[in-house]
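All values reported here derive from a predicted model rather than from experimental measurement. First the proteins, then the strands, lettered A, B, ... as listed; each starts at 1. Values reported hereafter were calculated over all heavy atoms of this structure, with side chains retained and with hydrogens, waters and symmetry mates removed.
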Amino acid sequence: MTTEALFSYAAAVLGLAALAMLGRLVAGPTLADRAVALDAMNTLVVALMIILSVIFDSVVMVDVAIVYAGLSFVGTMFIARYLEGSM
Amino acid sequence: MTGNFPYLVVGILFVMGFIGIIFEKNLVKIAIAVSVVEAATNLFIITLGYRSGGSIPVWTMAGGGSSRMVLPTPQALTLTAIVIGLATTALMLSFAMTIYRHYGSLDVRDVRRLQG
Amino acid sequence: MIEVLHLSILVTIVVSGFLTIWFRNLLSSVISLAVLSLFISLEFFYMQAPDVAIAEAGIGAGLSTAIYIIALRACGRKQFRKEGER
Amino acid sequence: MKARILFLVSILVVGGLLWSGLQAVHPFGEPNSAPMDEYFIANAQSEAAANNVVTSIVFDYRGFDTLGEGAVLFTAVISVAALFRKRGQH
Amino acid sequence: MVIFVASALTYLLLVWAGGSIEWLEVVIALVFAGLISIMAKRWNPELPLRRSWLNPVRLVRFVVYLFGPFLVALVQANLDVAMRVITGKINPGIVRIPTGLASDGALTLLANSITLTPGTLTVDANDESRELYVHWINVTTEEPKASDICGTFPEWARRIAE
Amino acid sequence: MNTAIGILLGIGLLFNVLGTVSLYRFPDVYTRLHGTTKCTTFGSLFTSAAVVVYGLTKFFQGFEGRFVTLSLHVMVAVLALLISNATGANAIARAAHRSGIMPVRAVFDRLAEDEKTMGRRVS
Amino acid sequence: MNPLSVVARTVCNLFAWFLAVFGIYVIVHGHLTPGGGFQGGAVVATFMAFLLVAHGGRKMQSWVRKELFTLMECVGLTIFISAGLLGMSNTFFFNFLAKAGGLFGSTVPLGPNPGALNTSGTIALMNLSVGLEVVGGLSMILLYMFSGVHPEEPFGREETGHDR
């Protein structure tokens with residue numbers, strides 16, 4: 001089994017895990033649960049982007065992962081700020 | 001395996017956004033539905049330019065044989081469309097905030113003067 | 001095997017787009033819109049468009065959520081509905 | 001009630017148009033022919049001296065689009081600023 | 001000053017590709033580092049940087065901490081959480097621990113380390129009495145010390161970022 | 001090389017899947033935060049470590065500069081991910097506590113008691 | 001309006017600085033790596049968002065001045081249009097600096113290459129100007145939209161329950 005095949009199996013499992021997290025987004029009894037689901041999905045997608053840049057054999061695509069890791073943090077902080085009602 | 005499923009996804013997303021624009025009564029919700037339609041159109045344009053097995057249209061540090069690239073023109077057009085989308089969303093939300101301050105409500109049925 | 005990933009991304013896009021229109025609570029709707037933007041960005045990444053993926057990640061996930069939440073703070077969270085109507 | 005029926009009819013019309021349009025589109029991953037894009041890919045390095053083909057299209061070959069985009073962003077920002085300007089400011 | 005050196009170094013780290021660096025990159029790094037330091041001083045006067053953070057001994061300590069006790073605690077944390085996910089046995093509570101750290105950077109480092117290590121999650125911080133409120137998944141004592149929860153982490157935080 | 005990458009990827013995927021399961025098995029927000037923050041951060045750390053191992057191996061095979069860039073940028077992304085995840089979990093927990101969600105099956109809750117005695121929010 | 005806790009405030013300060021550096025990297029390397037004026041400008045503009053979310057609006061609005069962002073946007077647009085007009089001897093938006101020698105004027109080898117910074121003529125210049133414009137515009141949008149929020153109005157708190 002080549003290395004690219006290993007990475008593509010890992011990418012498929014990560015994608016299915018991210019799909020499974022949507023259930024908490026649908027059924028979360030409180031708004032904080034939905035924010036938790038969004039946060040977990042952000043982490044998974046950053047890992048997925050790093051793995052995909054190896055599969056596609058293009059080094060410069062890792063920049064997207066760094067940008068996403070930083071900017072999803074802004075979104076999470078704004079949502080938390082709104083939830084605690086002190087904006 | 002996927003076939004023409006991406007085009008179907010674009011169609012479903014567009015119709016859902018359209019339903020949201022028509023049936024929703026809250027102004028902020030209408031803005032959210034417009035954002036969904038924008039996402040659908042951007043996805044459609046990028047999907048038109050995809051070549052299976054192609055590489056990114058960047059020559060820097062590319063791998064060995066990157067002669068077959070995806071089409072670059074749809075990406076360039078989508079790039080400007082995204083920034084314009086943010087500008088129009090900000091403008092819509094600003095109008096919604098002004099309307100809420102004047103009328104005390106966001107329901108389009110309460111804002112009588114907006115209806116034709 | 002990479003097509004399983006593509007299928008799961010597409011299914012997630014459809015489900016989160018549906019949730020965005022379906023939720024009544026506006027903050028839930030905004031969170032679903034952030035998820036939709038995230039997976040649209042991942043789909044751009046899959047379709048070899050990293051320029052557009054950076055733009056969508058930066059604008060759709062960061063700044064767009066920020067201005068939506070500022071607008072919600074100014075306007076209130078619930079949707080306004082009258083009795084007996086949809 | 002009449003309005004909702006009208007809305008439903010309009011959604012059906014839009015959905016039908018989309019469906020008929022999607023029948024005629026090329027299959028996913030195989031564009032038919034793209035001489036313009038082939039030209040850009042082949043000549044971006046020698047003409048515009050840029051490695052990133054997308055940036056060379058945005059700023060060189062089709063710079064008018066970017067000019068229009070800048071104008072739209074400028075107009076939107078000025079409109080937002082005019083909406084929320086306080087009395088006595090500026 | 002701190003922000004000037006740090007941003008120039010970060011920029012050069014980002015552009016380094018194994019070989020040498022062009023002179024134009026160095027010029028651009030210096031120009032934009034100056035611009036960023038003016039911007040940060042003007043628009044963000046509460047930036048908590050200290051000049052002692054540029055001390056290379058502290059950076060080496062930070063790397064050692066990251067790959068030494070922190071990684072061990074991270075592995076323990078994940079095995080612990082994995083056990084609790086499978087068995088579903090919890091006994092939670094929110095406790096208060098005193099830290100005694102003076103600087104904001106050290107407190108932040110400690111709080112983030114606590115969040116990523118076994119069975120604990122920082123909920124809130126009191127910045128006057130320097131106490132942390134921690135959600136503990138398996139409460140054993142009523143009034144825990146800092147060493148009960150996070151081991152030698154406060155000592156490391158004091159030596160790195162104080 | 002393949003076995004090392006396979007082992008690292010296996011550990012990472014195991015923990016990521018455990019994080020997904022913990023989102024469904026735990027009863028309230030705080031315990032879910034425990035599960036998702038720790039497990040997904042740890043799993044992403046290991047999958048990224050696999051990528052770093054791949055990049056370094058390729059670099060020492062052919063001495064191409066682009067694999068150094070790959071490893072460095074992956075390390076920067078992982079560091080950003082560590083810091084932002086921990087702080088995001090902290091912010092969400094604080095917001096949940098302030099918006100009135102109490103921990104389920106808690107033995108005691110020092111934060112709420114202190115807020116009641118002080119009559120205001122801490123910090 | 002009150003600031004967040006100590007932990008979140010410190011991390012937001014550090015992250016704002018890091019993302020400013022990274023956004024400048026994206027802008028300057030726009031003709032080599034994915035990125036460019038729009039994306040890098042959006043990344044740098046999150047500096048304002050971080051300050052807004054970490055310190056609250058009142059403290060931040062005493063630190064920054066909105067006129068500066070207006071100036072940045074106008075200057076960026078002016079440089080962009082004049083860089084287009086300077087190539088007017090051939091056509092509008094003609095890339096007159098490419099392969100002309102000097103700064104930004106060296107040639108590029110065909111095919112995959114590691115990439116050199118001083119290439120691509122006016123494209124690098126236009127990246128910088130568009131980045132300046134986008135930073136000014138998005139920061140102004142954030143600041144003015146936040147100044148439309150009235151903090152003295154009561155914050156409606158409903159139950160955080162299951163909807164639908």
Side-chain angles (χ1 to χ4, degrees), chain A residues 1-3 6-7 9-11 13-14 16-21 23-24 27-33 35-44 46-51 53-54 58-70 72-77 79-86, chain F residues 1-2 5-6 9-10 12-13 16-17 19-24 28-30 32-33 35-37 39-41 43-48 50-51 54-55 57-58 66-67 69-70 72-74 76-81 83-85 87-99 101 121:
Chain A
M1 186 183 284
T2 63
T3 316
L6 272 178
F7 277 119
Y9 273 105
V13 174
L14 281 181
L16 289 178
L19 177 59
M21 276 182 187
R24 186 47 76 189
T30 62
L31 286 167
D33 285 313
V36 172
L38 174 65
D39 201 19
M41 265 191 241
N42 282 331
T43 315
L44 283 195
V46 171
L48 200 49
M49 280 176 177
I50 290 174
I51 287 182
S53 72
V54 173
S58 48
V59 172
V60 290
M61 287 163 91
V62 188
D63 292 356
V64 188
I66 304 178
V67 169
Y68 201 84
S72 66
F73 181 54
V74 185
T76 309
M77 291 304 280
I79 289 169
R81 196 68 197 260
Y82 184 77
L83 270 180
E84 75 182 39
S86 71
Chain F
M1 179 175 92
N2 263 344
I5 289 177
L9 278 181
L13 290 183
N16 272 332
V17 171
T20 310
V21 172
S22 78
L23 207 52
Y24 290 96
D28 70 330
V29 180
Y30 304 100
R32 278 174 202 146
L33 264 178
T36 57
T37 306
C39 289
T40 57
T41 309
S44 306
L45 203 66
F46 266 83
T47 51
S48 307
V51 175
Y54 171 80
T57 321
K58 280 280 190 179
R66 59 197 188 105
F67 290 112
T69 311
L70 176 71
L72 271 179
H73 284 212
V74 167
V76 170
V78 166
L79 204 58
L81 201 60
I83 299 173
S84 72
N85 252 331
T87 315
N90 179 14
I92 290 176
R94 185 173 184 257
H97 199 275
R98 289 199 176 191
S99 65
I101 304 168
R121 304 286 191 201

Q.
Applying side-chain contact (heavy atoms from CB on, under 4.5 Å) to Val51(F) and Phe7(A), what does each step give before you reach the verdict?
A. CA-CA 9 Å; Val51(F) 175; Phe7(A) 277 119; 4.0 Å; yes

Q: With a 4.5 angstrom heavy-atom cut-off, could you sort out which part of Met21(A) is near chain F: side chain, backbone, both or neither?
A: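 Both backbone and side chain of Met21(A) come within 4.5 Å of chain F.
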
Q. Which region of Ser72(A), side chain (C-beta onward) or backbone (N, CA, C, O), has a non-hydrogen atom less than 4.5 Å from a non-hydrogen atom of chain F, or is it both or neither?
A.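 Neither part, no heavy atoms under 4.5 Å.
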
Q.
I'd like to know whether Thr36(F) forms a side-chain contact (heavy atoms from CB on, under 4.5 Å) with Asp39(A), so could you lay out the CA-CA distance, the side-chain angles of the two residues, the decisive distance to 0.1 Å, and finally the verdict.
A. CA-CA 8 Å; Thr36(F) 57; Asp39(A) 201 19; over 6 Å; no

I need the [X] [atom1] to [Y] [atom2] distance, nearest 0.5 Å.
{"X": "Ile50(A)", "Y": "Ser44(F)", "atom1": "CD1", "atom2": "OG", "answer": "8.0 Å"}
{"X": "Leu14(A)", "Y": "Thr47(F)", "atom1": "CG", "atom2": "OG1", "answer": "6.0 Å"}
{"X": "Arg94(F)", "Y": "Arg81(A)", "atom1": "CZ", "atom2": "CZ", "answer": "8.0 Å"}
{"X": "Ser84(F)", "Y": "Asn42(A)", "atom1": "OG", "atom2": "CG", "answer": "8.5 Å"}
{"X": "Ser22(F)", "Y": "Arg24(A)", "atom1": "OG", "atom2": "CZ", "answer": "10.0 Å"}
{"X": "His73(F)", "Y": "Ile66(A)", "atom1": "NE2", "atom2": "CD1", "answer": "5.5 Å"}

Q. With distance as the sole criterion, is a donor-acceptor pair present between the side chains of Asn85(F) and Thr43(A) under 3.5 Å?
A. yes

Q.
Under a 4.5 Å cutoff for heavy-atom pairs, which residue among Val17(F), Val29(F), Asp28(F) has the most contacts with chain A?
A.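 Most heavy-atom pairs under 4.5 Å with chain A: Val29(F).
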
Q) Who among Thr41(F), Leu9(F), Ile5(F), Leu70(F) has the most heavy-atom pairs with chain A under 4.5 Å? A)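 That would be Leu9(F).
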
Measure distances from [X] to the heavy atoms of chain A and classify the residue's part below 4.5 Å as side chain, backbone, both or neither.
{"X": "Tyr24(F)", "value": "both"}
{"X": "Ala89(F)", "value": "backbone"}
{"X": "Leu23(F)", "value": "both"}

Quick one: of [options], who has the most non-hydrogen atom pairs under 4.5 Å with chain F?
{"options": "Leu48(A), Val60(A), Thr3(A), Thr76(A)", "value": "Thr3(A)"}
{"options": "Ala80(A), Ala65(A), Ala47(A)", "value": "Ala80(A)"}
{"options": "Ile79(A), Val36(A), Val67(A)", "value": "Val36(A)"}

Q | Nearest heavy atoms of Leu81(F) and Ala69(A), plus distance in Å | A |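 So the minimum-distance heavy-atom pair works out to CD1-CB, 4.2 Å.
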
Q.
Please give me the minimum heavy-atom distance between Ala95(F) and Leu83(A), naming the atom from each residue.
A. CB-CB, 3.9 Å

(Q) Check whether Arg66(F) reaches the backbone of Val59(A) with its side chain - one donor and one acceptor, N or O, closer than 3.5 Å. (A)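 No.
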
